Amino acid sequence: MINWQAFRLTIELAVVVSAILFVVGLPLAYWIAFSRWRWKFLVEAVVALPIVLPPTVLGFYVLVALGSHSPLGRWWQSLTGHTLAFTFTGLVIGSILYSLPFAVQPFAASFSSVDRKLLSASALLGASPLRTFFRVVVPLSTPGLITGLALSFAHTMGEFGVVLMVGGNIPGVTRTVSIDIYDQVEAANYASANAMALLLLIFCFLVLTLIYGLNRANALSTLSSREWRRMSPAK
Amino acid sequence: MPTSFDPRQSPLYVKARKSLGSFHLDCEFTAEAGFTILFGASGAGKTTLLNCVAGLTTPDAGRIAVGDRVLFDASQATNIAVAKRNVGYVIQDLALFPHLTVEQNVEYGLTSLSSARRRERAMSILREFRIEQLRDRSPGQISGGERQRVALARALVTEPRTLLLDEPLAALDAPIKAEIIDDLRLWNQAHAIPILYVTHSREEVIALGGRVIVLESGCIIAQGTPHEVLRAPRQETVAQLAGFENIFDAVVESIHEERGSMYCCLNACASGARAPGEKGTQSEGAPVLETPLIHAEVGSKLRIGIRAGDILLATSQPQGLSARNVIAGRVVSLERRDMIICARVDCGVEMEVYLTLAAQDALRLAPGSEVWLVIKTHSCHLMAQ
């Protein structure tokens with residue numbers, strides 16, 4: 001009934017993608033939050049594109065870019081001997097692009113909301129930008145970082161269009177839960193489809209509950225908003 | 001810390017020009033070890049000036065140096081990064097790190113030391129500022145005065161070569177203020193670095209001593225000891241800051257060089273309120289005051305500042321006084337402020353006069369009482385209009 005292989009593959013994909021997005025998203029979000037480059041808005045627009053674009057459009061271009069006719073595809077093929085399309089790696093690349101805004105936007109928003117005076121204070125005490133980032137910006141952005149991580153994980157868990165376009169439907173390689181459910185419905189195996197759908201639903205709910213619970217505990221252990229306001233001397 | 005550094009020979013030199021929209025900062029001064037007070041109304045450019053020294057704002061032109069270490073020089077394109085300037089700066093809202101404890105805040109700037117040395121240094125400065133018992137608290141859990149001490153300790157523990165304080169005590173009560181000033185002064189006896197102290201409080205200027213630089217719209221308009229700057233103000237901003245409760249527009253009526261004085265008619269004459277032919281020293285018209293002689297001509301427009309505490313009140317016309325200005329008036333209102341009585345007296349213009357509680361009892365003053373105001377010539381401070 002339950003296709004554990006598809007389930008494992010989906011979790012694997014979501015973990016890999018959200019981990020990579022965390023590492024790539026932090027510097028990108030930092031740049032978006034603090035850069036004064038005049039054309040920054042162009043980058044912001046590109047990052048936000050996957051939110052509005054139909055997954056098939058994104059998937060189509062990723063497929064073209066990964067195929068053996070594109071420079072990237074050719075380079076990969078000469079390196080490994082096979083194409084990127086319809087592989088797990090290809091799926092990861094597609095999913096990273098697809099889930100990028102769900103990681104970067106919460107990161108950037110929480111970085112921007114850190115009081116700039118604290119950043120000045122850190123520099124005045126001799127701290128390098130890197131030290132300021134890890135000692136001040138990151139600790140004060142934890143809720144935003146957790147949210148970004150959770151959203152990119154959940155969003156990858158549930159993706160369908162990009163997977164179908166880029167990965168196809170190869171059991172154990174690219175067949176994720178959502179593809180499997182689609183297959184079962186096509187084959188009129190409603191019981192199996194229901195089992196898989198329910199499993200995904202419960203899993204996603206648990207993950208999100210855990211993360212929002214953590215966020216709440218974190219917020220309570222640091223500072224309430226009232227305490228925040230008390231911090232600046234009344235004028 | 002480098003041992004060759006002698007703070008007593010490392011004054012802070014600032015020459016900075018900066019335009020921000022319609023505001024222009026343009027000043028030059030040298031601050032020796034000890035307190036240099038930057039005094040001025042809000043918007044005078046005090047914070048901009050500090051930001052230039054700290055490196056948070058880049059001047060359009062000028063040179064900033066501590067001793068022979070150049071922090072900024074527009075002509076040589078030198079601009080040392082904020083983190084490398086070794087300038088201690090306590091900004092107005094302190095910017096303590098809310099996620100760190102008091103001790104972690106204070107240790108923040110001590111990256112180059114081992115953790116044991118860091119802890120030792122932090123604890124010793126926390127003791128100096130009498131806040132060692134707060135070391136495990138977060139900044140959200142301590143009082144305003146305590147936060148102020150933490151911010152000072154955090155800036156000073158790094159042994160900066162110059163210290164910038166932007167109205168550090170503005171939000172505090174007087175007794176706490178005085179304590180912190182004492183601790184800071186004690187600290188600087190040992191370290192002797194230049195301290196730029198921004199304030200618009202006259203009490204703080206007097207309490208701190210040192211040298212005062214008065215800023216107005218980005219320019220230095222006066223400098224000297226607090227006594228010099230506050231006693232003989234020539235500009236009206238200084239006057240208001242220096243605590244003249246009574247400021248009037250006036251016109252020079254006559255000049256008596258042989259007596260070293262002149263007569264000035266207060267603002268009501270300028271507006272034509274005085275009936276023609278009437279003499280000034282009557283209650284109905286605007287008064288004429290004898291003032292010290294300054295370089296002016298008959299008809300020159302001036303401003304006269306008189307402190308409420310420099311005016312005497314009498315219930316009958318006094319005789320045989322050295323004071324040259326005796327003006328009749330009527331009490332309009334009496335108001336108790338803390339331990340003094342503030343009387344408003346109408347003598348053609350309204351003047352504020354301070355009395356002690358005992359004086360009010362002895363004179364049995366009430367609104368409507370006829371009184372005489374006695375003002376010494378040299379209590380009339382003249383300013384440009």
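In what follows, every chain begins at residue 1, and chains take the letters A, B, ... in the order their sequences are listed. Values in this document were obtained by computation on a predicted structure and should not be read as measured data.
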*Asks:* What's the spacing between A/L118 CG and B/D93 CG if we round to 0.5 Å?
*Replies:* 9.0 Å

*Asks:* Which region of B/L110, side chain (C-beta onward) or backbone (N, CA, C, O), has a non-hydrogen atom less than 4.5 Å from a non-hydrogen atom of chain A, or is it both or neither?
*Replies:* neither

*Asks:* Look at B/A83, B/G144, B/A95 and state which one has the largest set of heavy-atom pairs under 4.5 Å with chain A.
*Replies:* B/A83

*Asks:* Please round to the nearest 0.5 Å and tell me the distance separating atom CD of B/Q104 and atom CZ of A/R135.
*Replies:* 6.5 Å

*Asks:* Taking atom NZ of A/K40 as the centre, does the number of heavy atoms from other residues, nucleotides or ligands within less than 6.0 Å exceed 12?
*Replies:* yes

*Asks:* Could you measure the distance from the CG atom of B/N86 to the CG atom of A/L125? Nearest 0.5 Å is fine.
*Replies:* 10.5 Å

*Asks:* With rounding to the nearest 0.5 Å, note down the distance linking OG1 in A/T132 to CZ in B/F97.
*Replies:* 7.5 Å

*Asks:* Using a cut-off of 6.0 Å, state whether more than 12 heavy atoms not belonging to B/R69 lie near its atom CZ.
*Replies:* yes

*Asks:* Can you tell which part of B/V82 gets under 4.5 Å to a heavy atom of chain A, answering side chain, backbone, both or neither?
*Replies:* both

*Asks:* What is the distance from atom CG of B/L100 to atom CG of A/L140, rounded to the nearest 0.5 Å?
*Replies:* 8.0 Å

*Asks:* Which one of A/A121, A/S120, A/P129, A/A123 has the most heavy-atom pairs closer than 4.5 Å to chain B?
*Replies:* A/A123

*Asks:* Just wondering, more than 12 heavy atoms not from B/K18 lying within 6.0 Å of its NZ?
*Replies:* yes

*Asks:* Using a cut-off of 6.0 Å, state whether more than 12 heavy atoms not belonging to A/F7 lie near its atom CZ.
*Replies:* yes

*Asks:* Please indicate whether A/F205 has more than 12 foreign heavy atoms, meaning atoms of other residues, nucleotides or ligands, lying under 6.0 Å from its CZ.
*Replies:* no

